[in-house]
Amino acid sequence: MFKTHSCGALRLDHVGTTVTLAGWVHLRRDFGGVIFVVMRDREGLVQVVISAEVSAEAHKVASEVRSEYVIQVEGTIRARPTDQVNPDWPTGEIEVAASTVRILNTAKTPPFYIYEDAQVDEALRLRYRYLDLRRTRMQRNIILRHKTVQFIRHYLDAQGFLEIETPQLFKSTPEGARDYLVPSRVHPGLFYALPQSPQQLKQLLMVGGYERYYQIARCFRDEDLRGDRQPEFTQLDLEMSFVHRDDILDLMEAMFVALVPAVTPQKRILSPFPRLSYVEALERYGTDKPDLRFGLELVDLTAALGKSEFRVFSGTVANEGRIKGLRVPGCAGYSRREIDEITEVAKHAGAKGLVTLAYTVDGIKGPTVKFLSEQDLEAIAETTGAEEGDLVCIVADSFVVVSAALSALRLIFRDRLNLVDPDLIAMGWVLDFPMFEWNETEERWDAAHHPFTLPRPSTYEAMLADPTAVLSDAYDLVCNGYEIASGSIRVHDPKIQLDIFRILGYEEADIQARFGHMMEAFSYGAPPHGGIAPGIDRLVMLLADATSIRDVIAFPKTTQATDLMADAPAEVSERQLRELHIKLLGTDT
RNA sequence: GGGGGCGUGGUGUAGUGGUUAACAUGCCGGCCUGUCAAGCCGGAGAUCGCGGGUUCAAGUCCCGUCGCUCCCGCCA
C-alpha cells in the first residue's frame, strides 16, 4: 500500500504516530521557508507542513507540487498549537510534519475548482465528470448512495429476502415506456429490449417459489429526460408472495423509518406515513404526488360559488367544472407584479386566469372584486377561512386544470414563503388508483399502473361493464413532492388477467405473443403476490438535498440523453452494423 | 414535438448600440518560516458559443443554429 492512514481520518489520538499518506494536493500555501499542503483523499482533508529546516529535499519537492498532483507524504502527526486549531475541519486539531514528499503523478490545472462547491456550468462538470466526482459534495452524495443501498441490502436480508439478478437482455413489451432495443447478431432481424423494470421477471420468481425477492435493478426507458428522470436509473425492485397490500406497505414504511436516521442523522422522517386515496390526494393537493411537509391545502368553492353572478364561476359549474382556491397567509400585500407572476404560473398549468383576493385593512382588494356579490365574498371568506393579511387564489375550470394550476401555485408559495424544513422527510401512501384510464388519442383503455395489477375485489364485479368504476390494488409512495415508489398486488388468476387484457383491447394473438409466457406460468400454480419498486436515485437525491438525480449518479446523461465525457451515443463502424444486419435509413426520415 | 432561461479570458460574473471589453478568482514569475480559499509585487490570458442580418458603429438589436438547463407533452 502507498499509505498507512487516510488523510481525513487523522485525529488527536494519532499524535506522535509516524504515517505515510497518499492523495491529491487540494491547496498549497507557500511561505518560502515553510509550505502548507492541504492533502485530500476519500476520507477528507489534512494539513501537511513542510519545513525547509526539517528536510530541504521534502521542501524542494513541495515547492514544485501544484493543485491536484498526486503525492505521497511521510511524516509525524502533531497537535497544532491551540491558537492554530481549525475548528471547521475534522482534522483541524492536528497536522502532519512531513519528512518526505514524493510526487506520484503530476496534473494539469483543472478546468474548474475542485476545492470548493462553487457554481460551475453543468456541461463542464459532465465533460470532466471524473474531476467533478473529486469534489466534496459529489463524494458525499456517492458515499450516501452507497450507505443507502447497503442499509437496504442488510435490512431486507434480515427480513428473509433473497437478492436475485434478472436479465438485462429481455423482450420488448410495446406498451408503457419506449424500449431501448438491442439487435441480435445471432438472429437476424430480431431484437432484445433492455428492461423498463424487471416486472415480469420478478413475478415469475414468485411463481418459481422464491417468496421474497429483491434486486438493486437498473432500468431503462427511452423517454425524454428531466431533473428526476434519466434513461437508465436504479430501482429497489422487490416482490413478495402470500402478502396483502398492507404487508408491503408496513414493511416499506418500517424500512424507510429505520433507513433515514441511519444514513442521514440530521434528517427527521415523519411517521406513521399518512395514507391518502388517489381522489383525496387530488382534492386536497391537486396532485397524486403531494409534498406533505406543509399544509396550504386546496379549498373547494364549487358549492359556495356555483350560483354566483360572476359568469366565470357559474359558467364553470354549469359545465361540470370546479372552483377551488388556496388561502395564502400573509400575502395580501402582493404587488401587481407578484400577482402577475403567480397568474402566469396558473396559466402555464392551463388555467385561463387566476382570481386573487387580498384581505387588507381596507377590505378585500382584487381586479374581480367588483364582479362578486356580498354573498359571494362571504361564502369565500367562510369556506377558505381567510383573514386580514391573507391572499386567496381561486381557479375555476375543469377538475384537471384546477388541480394542476393550484398544485403548481402551492409549490410556488412553498418556496416563496419558506414553508418547509429542509431536513424533514415526509413520506405518504397514495392508494386506490383507478385501474384504467381512457386514452383519448387512441380511443381505448390504458392500464393506469400496469396490466398485472389486481383490481380491488370489491370493484372487480363491475369491471367488464364499467372500467371507470374499477379501483386497483396499486400504491405509490410519495416523498417531499416526488413519486418515490410504486407498486401493486398482482393478478395471479389467469382468468382475471385475461379479462384485463380484453378491456385493454388486446387481441388473443397479441396476448399469446406478448404475454403467453406469463399466462402459461400463472396456470402452473402462481401464489398470491405483490411488490413495489422504490427509485434509488430519487430517494438519495432527497436525502442528499440535491435538486437533480444527476447529482447522485456517478456518470449521468444530459437532458438530451448524451454522455458529454465519453461522447455517447456515437456512430459505429459499417462492419459492426453489417454483423447486426442493420442498414441505416439516414437522418432525414 | 412545444415553450422559457442561460452561453463574455481557465473558472465565476459585470458590461446603457459608441475609447484599448471590466472585476474577482485561477494560472505563470518574484518575495516571504505558521497559514487556513495566506499575503504583497509583477505578468500572460477573450476573435463575447457559432452563422447571418440591421446600423456609420453590435458583446449589446433582429433571424437562424448548436450546447446546457427548467417546464408541458411523454415516462404502463
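So you know, we letter chains A, B, ... as the sequences are listed, proteins then strands, and number each from 1.
- Shown here, B:rA22 forms a base pair with B:rU13; the pair counts as Watson-Crick or G-U wobble because both key distances fall under 3.5 Å.
- Using a 4.0 Å heavy-atom distance criterion, A:R78 is classed as a base contact.
- Across all strands shown, A:A349 has no heavy atoms under 4.0 Å from either base or sugar-phosphate atoms.
- A ring-ring contact (aromatic ring centres under 6.0 Å, His included) check over residues 469-491 of chain A, counting only residues at least two apart or in different chains, returns nothing.
- Set against B:rC36, B:rC68, B:rG73, the side chain of A:D121 has B:rC68 as its closest nucleotide.
- If you take atom C1' in B:rC23 and the same atom in B:rA14, they sit 7 Å apart, rounded to whole Å.
- Within a heavy-atom distance below 4.0 Å of RNA chain B, no residue of residues 407-414 of chain A is found.
- Across all strands, A:P111 comes closer than 4.0 Å only to sugar-phosphate atoms, never to a base (heavy-atom distances).
- The nucleotide B:rC68 finds its pairing partner in B:rG5, both defining distances of the Watson-Crick or G-U wobble pair being shorter than 3.5 Å.
- Heavy atoms only, all atoms of each residue included: A:I94 and A:V46 are closest at CD1-CG2, 3.7 Å.
- As judged by a 4.0 angstrom heavy-atom cut-off over every strand, A:G227 is placed among residues touching the sugar-phosphate backbone only.
- The partner of B:rG42 is B:rC28, judged by Watson-Crick or G-U wobble contacts that both fall below 3.5 Å.
- One interatomic measurement links the two molecules: NZ of A:K557 to C1' of B:rC75, which rounds to 17 Å at whole-angstrom precision.
- When distances are taken from the side chain of A:Q84 to each of B:rU69, B:rC74, B:rC36, the shortest belongs to B:rC36.
- The two atoms that bring A:L225 and A:P231 nearest to each other are CD2-CD, 3.1 Å, heavy atoms only.
- Ion pairing between A:R129 and A:D132 holds under the 4.0 Å rule for side-chain N and carboxylate O.
- In this structure, the CD atom of A:E341 is 14 Å from the P atom of B:rG5, given to the nearest Å.
- Taking atom P in both B:rG15 and B:rG67, the straight-line distance is 28 Å, to the nearest Å.
- Across all strands shown, A:T559 has heavy atoms under 4.0 Å from base atoms, whether or not it also approaches the sugar-phosphate.
- Taking the ring pair (Phe, Tyr, Trp, His ring centres under 6.0 Å) definition, one finds that A:Y115 meets it with A:Y113, sequence neighbours left out.
- B:rC66 and B:rG30 are spaced 44 Å apart, taking the C1' atom of each and rounding to whole Å.
- Within 4.0 Å (heavy atoms only), A:E53 reaches at least one base atom of the nucleic acid.
- In this entry the distance linking CZ of A:R29 with P of B:rG39 reads 10 Å, nearest Å.
- Stacking is not found between A:F31 and the pyrimidine-like six-membered ring of the B:rU33 base under the 5.5 Å centre-distance and 30° plane-angle cut-offs.
- When the P atom is used for both B:rU25 and B:rC32, the distance is 23 Å, rounded to whole Å.
- Side-chain proximity of A:Q47 to the nucleotides B:rU33, B:rA38, B:rC36 is greatest for B:rC36.
- Enclosure of atom CZ in A:F191 by more than 12 non-hydrogen atoms of other residues, nucleotides or ligands within 6.0 angstrom is indicated.
- For A:R226, whose side chain is taken as the heavy atoms from C-beta onward, the closest listed nucleotide among B:rG67, B:rG34, B:rC72 is B:rC72.
- Here A:E437 lies out of heavy-atom contact (under 4.0 Å) with every strand.
- Between the side chain of A:R538 and the backbone N or O of A:D228, at least one donor-acceptor pair lies under 3.5 Å.
- Among residues two or more places apart in sequence or in another chain, the ring pair (Phe, Tyr, Trp, His ring centres under 6.0 Å) test is passed with A:F433 by A:Y278.
- Nucleotide B:rG34 forms a pair with no other nucleotide shown, judged by Watson-Crick or G-U wobble geometry with both contacts under 3.5 Å.
- If you check every strand for non-hydrogen atoms under 4.0 Å, A:D222 touches nothing.
- Taking 4.0 Å as the cut-off between side-chain N and carboxylate O, A:D432 and A:R245 count as a salt-bridged pair.
- Atom-to-atom, CZ of A:R125 to C1' of B:rC68 comes out at 12 Å; the value is rounded to the nearest Å.
- Taking the C1' atom of each, B:rG2 and B:rG18 are spaced 40 Å apart, rounded to whole Å.
- Between B:rU60 and B:rA21, the distance separating the two C1' atoms is 12 Å to the nearest Å.
- Under the ring pair (Phe, Tyr, Trp, His ring centres under 6.0 Å) criterion, A:H450 pairs with A:F452, sequence neighbours left out.
- Within 3.5 Å, a donor on the side chain of A:R229 pairs with an acceptor on the base of B:rC74, or the reverse.
- B:rC61 is paired with B:rG53 under the criterion used here, namely a Watson-Crick or G-U wobble arrangement in which both key atom distances are under 3.5 Å.
- Contacts of A:L504 with the nucleic acid, taken as non-hydrogen atoms under 4.0 Å apart, are absent.
- Not a single side chain to side chain donor-acceptor pair (under 3.5 Å) links A:Q497 to another residue, sequence neighbours left out.
- Evaluation of the side chain to side chain contact (heavy atoms under 4.5 Å, CB included) rule for A:H14 yields A:H5, A:L10, A:R11, A:T17, A:I77 as partners, not counting sequence neighbours.
- Pairs engaging residues 58-67 of chain A under the side-chain hydrogen bond (donor to acceptor under 3.5 Å, both in side chains) rule: A:K60-A:E64 [sequence neighbours left out].
- With rounding to whole Å, A:D476 atom CG is found 15 Å from B:rC75 atom P.
- For A:R221 against B:rC75, a side-chain-to-base donor-acceptor contact under 3.5 Å is absent.
- Residues satisfying the side chain to side chain contact (heavy atoms under 4.5 Å, CB included) criterion with A:V54, sequence neighbours excluded, are A:S51.
- Nucleotides B:rC72 and B:rG17, compared at atom P, are 35 Å apart to the nearest Å.
- In this structure, A:R550 reaches the B:rU69 phosphate: one of its side-chain N or O atoms is under 4.0 Å from OP1 or OP2.
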Listing, residues 395-408 of chain A side-chain donor-acceptor contacts under 3.5 Å, not counting sequence neighbours, or none:
| from | atom 1 | to | atom 2 | distance (Å) |
| --- | --- | --- | --- | --- |
| A:D397 | OD2 | A:K352 | NZ | 3.1 |
| A:S398 | OG | A:V401 | N | 3.3 |
| A:S403 | OG | A:F399 | O | 2.8 |

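- A:T562 comes within 4.0 angstrom of sugar-phosphate atoms only, judged by non-hydrogen atoms across all strands, and of no base.
- Nucleotides B:rC48 and B:rU20 are separated by 16 Å at their C1' atoms, to the nearest Å.
- The listed nucleotides are B:rC74, B:rC70, B:rG67; the one nearest the side chain of A:L564 is B:rG67.
- In this structure, A:K108 does not pair ionically with A:E68, as no charged nitrogen and carboxylate oxygen lie closer than 4.0 Å.
- At the heavy-atom level, A:E95 lies under 4.0 Å from base atoms of the strands shown.
- Nearest nucleotide to the side chain of A:E223, out of B:rC68, B:rC74, B:rU35: B:rC74.
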Using nucleotides 45-51 of chain B, report all nitrogen or oxygen pairs with the protein that are shorter than 3.5 Å.
none

B/S/- contact track for nucleotides 21-30 of chain B, protein heavy atom under 4.0 Å: ----BSSSS-
